[in-house]
Student: 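Questions regarding the structure given below will be posed in turn.
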Amino acid sequence: MTKTIAFAGKGGTGKTTISALFIRYLVEECEGSILAIDADPATNLHMVLGMAGDRDLETVGAIREEMLGMVKTSGALAGSMPGGMSKQEYLDYQVQMAIEEGERVDLLVMGRPEGQGCYCAANQMLRVIVDRIGKQYDYVVIDNEAGMEHLSRRTTRDVDVLLLVTDPTQRGLITARRMAEMAPTLEIGVGHTYLIVNRVRGGLPPQLEEVIEESGLDLIGVTPEDPAMAEYEFSGRPLIELPADTPVYRSVAEIARKVLS
Ligand SMILES: Nc1ncnc2c1ncn2[C@@H]1O[C@H](COP(=O)(O)OP(=O)(O)OP(=O)(O)O)[C@@H](O)[C@H]1O
Ligand SMILES: [Mg+2]
C-alpha cells in the first residue's frame with residue numbers, strides 16, 4: 001500500500017526544505033520506492049534534492065497545455081492523438097516520460113496550475129494518471145505551494161498524512177489552523193493532519209504553545225533554525241547533502257519516524 005505524505009503551509013515556512021529532508025529519511029532508513037511530487041509552480045524541489053541539474057524539467061502543466069493546443073488546432077480531443085493513440089494513452093505516455101528517474105527517488109513536477117478556462121476533461125484524466133502513477137510507489141511525498149488552492153485543485157486524491165509547516169509566528173499558525181479546518185471540506189481524504197513548527201530557536205515560545213493548544217492542532221515536532229542551511233542556499237548545494245548529524249535533519253528524522261510508525 002502506498003503511503004502518501006503531503007506538506008502544506010504558509011509561504012516560506014520550510015515546506016520544501018522539510019519535504020527534502022523527509023525524502024532523505026525515506027532513502028536512508030526505509031526500503032521501497034519513492035515518488036516526489038513537486039506541486040509548487042515555482043518548482044524547486046529538484047534543486048534541494050540535487051536532481052536534474054540545470055535542465056528544465058517537463059511538467060504536467062506543460063503537457064496539459066500542449067494537449068489543449070492540439071485540441072484547439074485540430075479538435076483532437078474528440079478524435080485520436082499522434083501515433084493513433086487514444087487521448088488517455090497519449091497523456092499517460094507523456095506523464096510517464098515526464099518522470100525524472102533518480103537512483104532511489106523519482107520526481108514528477110506539476111508545473112503551472114490549471115488556468116482559467118481549463119479543460120476539465122484533460123485535468124480529470126491527468127489526476128487519474130497521477131493517482132495511478134502514485135500507486136506504483138511505496139511512498140509519495142508531495143511538496144505543495146503556499147496556500148490552500150492546490151489542495152482544492154486536488155493534485156492527488158487521498159493523503160495519508162498532511163504535514164502543516166509553520167514558522168514560529170502567530171500568522172504562520174493561523175494559516176496552518178485554517179488549512180487544518182479546510183481540509184475536511186475538500187474532496188480529498190486526509191488520514192491525519194499534524195503540525196510542524198520550523199525554525200525554532202531554543203524552545204517554543206510559551207505564547208505560541210498556548211495558541212497551538214487552543215487551536216487543537218496536533219503538534220508532531222519542532223525543527224530548529226539551522227545556520228548551516230544558509231551556506232547551502234548561498235552555494236546552491238542540495239540540502240539533501242546536509243550532514244546527518246545536523247540538528248534540523250535529526251529533528252525531521254524524528255518526525256518521519258513518528259509519521260511512518
Ligand atoms: N530550519 C531552518 N533553518 C534555517 N533556514 C531554514 C530552515 N527552514 C527553511 N529555511 C530557509 O528558509 C527559506 C524558505 O524555505 P523553503 O523554501 O523550504 O520554504 P517553503 O515553505 O517551501 O517556501 P515556498 O512557500 O516559497 O515554497 C529557505 O531559504 C530555507 O533555506
Ligand atoms: Mg517550497
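What you are looking at is a predicted structure, and each value in this text was computed from that prediction instead of being measured. In each ligand, atom 1 is the first atom listed, and ligand 1 is the first ligand listed.
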Student: Touching ligand 1 at all, Thr223? Heavy atoms, strictly under 4.0 Å?
Tutor: no

Student: Check this for me: does any side-chain nitrogen of one of Lys15 and Asp40 sit under 4.0 Å from a carboxylate oxygen of the other?
Tutor: no

Student: Could you check whether any heavy atom of Pro224 sits closer than 4.0 Å to an atom of ligand 1, since that is the contact criterion I want to use?
Tutor: yes

Student: Below 3.5 Å, N or O to N or O, backbone or side chain included: is there any such pair between Asp143 and ligand 1?
Tutor: no

Student: Please round to the nearest 0.5 Å and tell me the distance separating atom CD of Glu101 and atom CG of Leu107.
Tutor: 11.0 Å

Student: Below 4.0 angstrom from a heavy atom of Ala146, which ligand 1 atoms are there? Numbered from 1 as shown, please.
Tutor: 25 (O)

Student: Distance to 0.1 Å, residue and atom name: give those for the protein heavy atom nearest to atom 5 (N) of ligand 1.
Tutor: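 Looking at atom 5 (N) of ligand 1, the protein heavy atom closest to it is Arg199 NH2, 3.1 Å.
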
Student: Closest non-hydrogen protein atom to atom 3 (N) of ligand 1, residue and atom name please, with distance?
Tutor: Asp226 N, 2.8 Å

Student: Which ligand 1 atoms are under 4.0 Å away from a heavy-atom of Asn198?
Tutor: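 Result: 1 (N), 2 (C), 7 (C), 8 (N), 9 (C).
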
Student: For Val140, which of Asp106, Asp131, Ile37, Ile133 qualifies under side chain to side chain contact (heavy atoms under 4.5 Å, CB included)?
Tutor: Ile37

Student: CD1/Ile23 to CD1/Ile18 distance, rounded to the nearest 0.5 angstrom?
Tutor: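 Answer rounded to 0.5 Å: 12.0 Å.
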
Student: Of the listed options (Met229, Glu145, Glu233), which comes nearest to atom 30 (C) of ligand 1 when hydrogens are ignored and any heavy atom counts?
Tutor: Glu233

Student: Under 4.0 Å from any heavy atom of Asp40, which atoms of ligand 1 are there?
Tutor: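 Once the distances to Asp40 are compared, the set is 27 (O).
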
Student: Just verifying a value: how many Å separate Thr17 OG1 and Arg199 CZ, rounded to the nearest 0.5 Å?
Tutor: 8.0 Å

Student: Report, in ascending order of atom number, the atoms of ligand 1 lying under 4.0 Å from any heavy atom of Gly11.
Tutor: 25 (O)

Student: Are any of the side-chain nitrogens in Glu181 or Arg177 under 4.0 Å away from the carboxylate oxygens of its partner?
Tutor: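 Judged by the 4.0 Å cut-off on N to carboxylate O distance, Glu181 and Arg177 do form a salt bridge.
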
Student: How far apart are the C-alpha atoms of Thr13 and Asn198, what are their side-chain angles, what is the distance that settles it, and do they pass the side chain to side chain donor-acceptor pair (under 3.5 Å) test?
Tutor: CA-CA 7 Å; Thr13 50; Asn198 183 29; over 6 Å; no

Student: Which pair of heavy atoms, one from Ile63 and one from Ala98, lies closest together, and at what distance?
Tutor: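 Nearest heavy atoms, Ile63 then Ala98: CD1-CB, 3.9 Å.
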
Student: Students should be able to answer this: which protein heavy-atom is nearest to atom 17 (O) of ligand 1, and at what distance?
Tutor: Thr16 CB, 4.1 Å

Student: Tell me the contacting part of Glu225 for ligand 1: side chain, backbone, both, or neither, using a 4.0 Å heavy-atom threshold, strictly below.
Tutor: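 Near ligand 1, Glu225 shows its backbone as well as its side chain.
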
Student: Among all protein heavy atoms, pick the one closest to atom 24 (P) of ligand 1 and tell me residue, atom and distance.
Tutor: Gly12 N, 3.5 Å

Student: Taking backbone and side chain together, does Thr16 place any N/O/S atom at a distance below 2.8 Å from the Mg ion (ligand 2)?
Tutor: yes

Student: Mind checking whether Leu204 and Leu219 have side chains closer than 4.5 Å, heavy atoms only?
Tutor: yes

Student: Test Leu195 against every option in Leu162, Leu217, Val165 by the side chain to side chain contact (heavy atoms under 4.5 Å, CB included) rule and name the one that passes.
Tutor: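 For Leu195, the side chain to side chain contact (heavy atoms under 4.5 Å, CB included) test succeeds with only one of Leu162, Leu217, Val165, which is Leu217.
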
Student: Can you find a heavy atom in the side chain of Lys10 that is under 4.5 Å from one in the side chain of Ile174?
Tutor: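 Side-chain contact under 4.5 Å: no.
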
Student: When only distance counts, is Ile18 in polar contact with ligand 1, meaning an N/O pair under 3.5 Å?
Tutor: no

Student: Below 3.5 Å, N or O to N or O, backbone or side chain included: is there any such pair between Gly14 and ligand 1?
Tutor: yes

Student: Using a 4.0 Å heavy-atom cut-off, say whether Val165 meets ligand 1 through its side chain, its backbone, both or neither.
Tutor: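 None of Val165 does.
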
Student: What part of Val48, side chain, backbone, both or neither, has a heavy atom within less than 4.0 angstrom of ligand 1?
Tutor: neither

